[in-house]
Structure formats: C-alpha cells, structure tokens
Colleague: 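My questions all concern the structure below.
Positions are given from 1 along the sequence. Start at 1 and go down the list; that is how both ligands and their atoms are numbered.
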Amino acid sequence: MRTSMLKSIIRRTSISGTSRRRFTSGSAPERKVAVLGAAGGIGQPLSLLMKLNPLVSRLALYDIAGTPGVAADVSHINTRSEVAGFAGEEQLGQALEGADIVIIPAGVPRKPGMTRDDLFNINAGIVKSLCTAIAKYCPRALVNMISNPVNSTVPIAAEVFKKAGTYDEKRLFGVTTLDVVRAKTFYAGKARVNVAEVNVPVVGGHAGITILPLFSQATPTANLSDEEIEALTKRTQDGGTEVVEAKAGKGSATLSMAYAGAIFADACLKGLNGVPDVVECSFVQSNVTELPFFASKVRLGENGVEEVLGLGQLTDYEKKGLEALKPELLSSIEKGIKFANAN
Ligand SMILES: NC(=O)c1ccc[n+]([C@@H]2O[C@H](COP(=O)([O-])OP(=O)(O)OC[C@H]3O[C@@H](n4cnc5c(N)ncnc54)[C@H](O)[C@@H]3O)[C@@H](O)[C@H]2O)c1
Ligand SMILES: O=C(O)C[C@H](O)C(=O)O
C-alpha cells in the first residue's frame with residue numbers, strides 16, 4: 001500500500017466505551033456534522049460557516065426541500081469537508097448516520113408582535129420528529145438545538161431521547177451563544193474596550209427576562225453605572241426582538257445566529273477532539289439552580305459536557321434577575337416535557 005494511502009487510514013480506538021477516531025497522519029480527526037433545516041435563513045449561512053471549518057470532514061445538509069441546491073453551491077468551496085444534500089423525510093436517516101454533531105435550526109421564526117413561545121405549536125412537533133430520528137440513526141451525536149423556543153425544545157429533545165433509551169445529558173445543548181455574542185458587542189460599545197477581548201457570561205434561558213447577562217463578571221472590567229448595566233441587560237434580553245422588528249415580518253436573526261451557531265459547533269468539535277479548556281455558555285441539564293435545565297458556562301470535552309460551571313459571585317441586581325426568571329423558565333421547561341409525553 002502506498003504511503004499516502006496509509007496516511008489516510010483511520011485508526012479507531014475505544015476510550016471509555018466511546019469511539020474516538022484519528023488520522024494516523026496527525027491531522028484533525030474525521031468529524032461528520034449534520035445541519036437540519038439547512039435550506040433556511042440560518043441553515044444556509046451556517047452551512048457555509050461549517051464548510052469553512054477545517055475540523056469538519058463530512059457535512060450533511062438536510063431540509064424538507066431545497067438542500068440539493070444549497071449542497072451543490074457550498075460543495076464547490078475548496079475546503080476539507082465533503083458535502084452532501086438530503087431532502088425529505090426518506091433521506092433523513094442517511095443525513096444523520098455517523099454524525100458526531102447535529103445542529104438543528106429547523107422550524108419557523110418569529111414575526112413582529114410574537115414571543116418565542118408563540119412558535120411552540122409548530123416547532124415542538126418538528127423538533128420531536130427530528131429528535132426521534134436522531135435517537136434512531138446517531139444516538140451518540142452531540143445535539144446543538146437552535147430551534148425556538150429553546151427553553152422548551154431542549155426539554156422536548158431530552159424526553160424524546162429518554163423514551164428511546166438514548167438520553168445522555170452530556171450530549172444535549174440549547175444554543176444560547178447569540179446572547180453571549182450580543183452581550184459582548186453591546187458591552188464593548190458601552191465600555192469602549194476592544195470587542196475581540198471581551199468576555200461576558202450569559203445564564204438562565206433564551207427568551208426575554210430568562211436571558212441574564214452577568215455584566216459584573218465581564219472582562220476587561222469597566223466602570224459602568226447601574227443605569228448603564230440595566231440598559232445593557234435590557235438590550236441583550238431584547239436583542240432578538242430588535243432584529244425581528246427591524247426585519248419587519250421577514251423573520252428573525254439569521255446571519256448573527258449562523259455566526260453564533262458556528263462558534264458553538266466549533267467549540268463542541270474542539271471538545272470532542274480533546275482540546276483542553278473549551279468553555280461556552282449553553283442551556284443544558286443542570287444542578288446549578290433548582291431548575292432541571294439552565295444556561296451557564298459549560299466545559300466541553302470528549303463526551304460533550306465535561307463540567308457545568310457555577311454562576312460565580314452575583315450582584316444584588318443579578319440575584320434579583322435570577323429569581324425573577326425562574327418561574328417563566330420553569331414553566332417553559334414543563335411545557336416542553338408535557339408536550340413530549342403527551343404526543
Ligand atoms: N437559538 C437562537 O438563538 C436562535 C436565533 C435565531 C433563530 N432561532 C430559531 O431558529 C429557527 C429557524 O430560524 P430561520 O430564520 O432559519 O427560519 P427559516 O424559516 O428561514 O428556516 C427554517 C428552515 O427549517 C426548515 N424545516 C421546517 N420543518 C423542517 C423539518 N421537519 N425538518 C427539517 N427542516 C425543516 C424549513 O424548510 C426552513 O428551510 C426558528 O425557530 C428561530 O426562532 C433561534
Ligand atoms: O428572537 C428570535 O425570535 C430569534 C432568536 O431567538 C434571537 O434571539 O434572535
């Protein structure tokens with residue numbers, strides 16, 4: 001066998017029950033990423049960004065329609081991953097088979113005047129059927145849930161996986177990275193610091209007051225007044241609505257969400273590949289508060305969630321925000337669980 005062929009042979013080693021794949025050449029391991037809802041407003045730019053990620057070796061683009069065109073387009077980009085498009089339910093299994101990460105931006109977006117919860121009736125069913133297929137075809141994949149309302153769709157996914165006997169709380173993530181992206185941008189503008197250096201944890205959930213940015217822990221530090229912190233908090237909580245209103249009926253955040261989704265998926269890939277100290281905020285099963293799911297900083301590793309990190313020191317303003325968000329977040333979580341068990 002030629003050396004070049006030998007170099008591309010993949011060695012599989014079993015580590016604590018999971019299969020870790022490596023190229024013998026020392027390049028990045030093979031990783032398949034599936035995007036469900038890939039022809040949509042988020043799905044298309046997210047597929048582009050995942051095609052640009054050198055950690056991805058196979059990219060499966062699935063939607064109910066339109067994916068052959070998106071896949072053909074993206075596949076011409078001269079980066080590592082092989083791209084395939086899958087359209088319609090009969091091709092969903094093929095799209096999912098062998099996936100290490102499944103990103104889900106499938107479902108309807110808001111129009112002005114709607115809350116994320118108004119999307120529940122349509123998106124809950126979509127998420128439930130996609131997660132049923134994930135349980136069947138790639139039960140070990142890390143699931144990055146973007147579809148709203150995230151506060152309910154993540155609990156729905158958990159119940160579907162529990163019923164299928166495949167639930168692993170370390171592998172299910174609600175993507176709240178856009179809240180962090182916004183908090184960083186707004187903070188940098190107000191504090192007049194380099195946005196590239198800014199870090200701000202955002203905890204709680206992903207809707208209105210359940211989004212709780214912890215500006216007291218923002219770095220680099222800045223001497224902002226209570227009024228400024230309050231205004232930044234409100235703008236972060238209303239960031240989605242700001243975009244929905246500006247788009248005036250043409251959907252919600254797509255480009256910034258694709259960016260945020262690509263950052264989170266990249267963090268998951270790095271964790272899977274054994275890169276140390278990869279930390280992102282995410283809405284996960286949690287013991288940080290009395291709520292069963294909660295967004296906070298999470299350390300990512302070879303099995304998904306390595307450690308759910310605590311909230312750190314909170315100011316009185318943040319403590320008040322935390323107590324205020326709990327009833328709404330709990331009710332959205334319970335609504336998701338109830339739906340999954342009734343349908
Ligand atoms: N988590 C977040 O921070 C965040 C941010 C922005 C948007 N969102 C949510 O993401 C979702 C998608 O938003 P969008 O702007 O891309 O909407 P969109 O309507 O532009 O795209 C959604 C895509 O999902 C597809 N789809 C519908 N049913 C499907 C199914 N059963 N299987 C596969 N694909 C299916 C549609 O065909 C469409 O291509 C919405 O629910 C939105 O609220 C979440
Ligand atoms: O606001 C929305 O409906 C979409 C998304 O959740 C966002 O935060 O932009």
Side-chain angles (χ1 to χ4, degrees), residues 34-47 60-70 85-93 95-96 102-134 143-154 156-157 173-183 185 202 204-208 210-211 213 235-247 249-265 280-283 295 332:
V35 181
L36 311 186
I42 296 167
Q44 290 201 39
L46 180 56
S47 300
L61 307 183
Y62 173 81
D63 205 304
I64 47 178
T67 27
V70 179
F86 302 90
E89 240 184 289
E90 62 288 354
Q91 296 190 359
L92 178 56
L96 291 173
V102 181
I103 314 176
I104 312 183
V108 291
R110 282 200 282 164
K111 290 190 187 307
M114 292 171 81
T115 66
R116 291 177 182 81
D117 186 58
D118 292 333
L119 306 172
F120 186 97
N121 288 343
I122 297 178
N123 290 354
I126 293 174
V127 162
K128 187 169 180 242
S129 67
L130 293 175
C131 288
T132 303
I134 290 170
V143 174
N144 292 185
M145 182 69 71
I146 293 174
S147 311
N148 269 317
V150 168
N151 292 354
S152 302
T153 52
V154 169
I156 290 172
F173 302 87
V175 181
T176 57
T177 319
L178 182 53
D179 301 316
V180 176
V181 163
R182 288 176 175 141
T185 303
V202 182
H206 178 68
T210 72
I211 300 167
R235 185 158 183 220
T236 305
Q237 291 172 334
D238 294 344
T241 307
E242 188 178 317
V243 178
V244 167
E245 282 170 3
K247 289 199 174 181
K250 296 227 164 64
S252 55
T254 53
L255 304 174
S256 50
M257 181 58 236
Y259 170 75
I263 287 181
F264 190 72
E280 287 290 337
C281 290
S282 180
F283 184 65
S332 301

Colleague: Looking only at protein heavy atoms, which one is nearest to atom 42 (C) of ligand 1, and what is the separation?
Modeller: N148 ND2, 3.8 Å
Colleague: Relative to ligand 1, is V108 under 4.0 angstrom through side chain, backbone, both or neither, heavy atoms considered?
Modeller: backbone
Colleague: At under 4.0 Å between heavy atoms, is it the side chain or the backbone of R116 that contacts ligand 1, or both, or neither?
Modeller: neither
Colleague: Hey, does G40 come in under 3.5 Å of ligand 1, counting only N/O atoms on both sides?
Modeller: yes
Colleague: Report yes if N148 has an N/O atom closer than 3.5 Å to an N/O atom of ligand 2; otherwise report no.
Modeller: yes
Colleague: I'd like the name of whichever of S256, A253, G66 reaches closest to atom 6 (C) of ligand 1 through any heavy atom.
Modeller: A253
Colleague: Please give me the minimum heavy-atom distance between F86 and Q91, naming the atom from each residue.
Modeller: CA-OE1, 3.2 Å
Colleague: For V175, is at least one N or O under 3.5 Å away from an N or O on ligand 1?
Modeller: yes
Colleague: Should one rank G125, P105, A260 by closest heavy-atom distance to atom 11 (C) of ligand 1, which comes out on top?
Modeller: P105
Colleague: Counting heavy atoms only, name the option from A38, A106, G88, A133 that's nearest to atom 35 (C) of ligand 1.
Modeller: A106
Colleague: Less than 3.5 Å apart, which donor and acceptor atoms pair up between the side chains of residues 174-182 and the rest of the protein, not counting sequence neighbours?
Modeller:
residue	atom	partner	partner atom	Å
D179	OD1	H206	ND1	3.2
D179	OD2	H206	ND1	2.7

Colleague: Of all the non-hydrogen atoms in the protein, which one sits nearest to atom 19 (O) of ligand 1, and at what distance?
Modeller: P109 CD, 3.5 Å
Colleague: Heavy-atom distances under 4.0 Å are what count here, so tell me which part of L119 touches ligand 1: side chain, backbone, both or neither.
Modeller: side chain
Colleague: Is the closest N or O pair between D179 and ligand 2 shorter than 3.5 Å?
Modeller: no
Colleague: Check whether any N or O atom of G41, backbone or side chain, sits under 3.5 Å from an N or O atom of ligand 1, and answer yes or no.
Modeller: yes
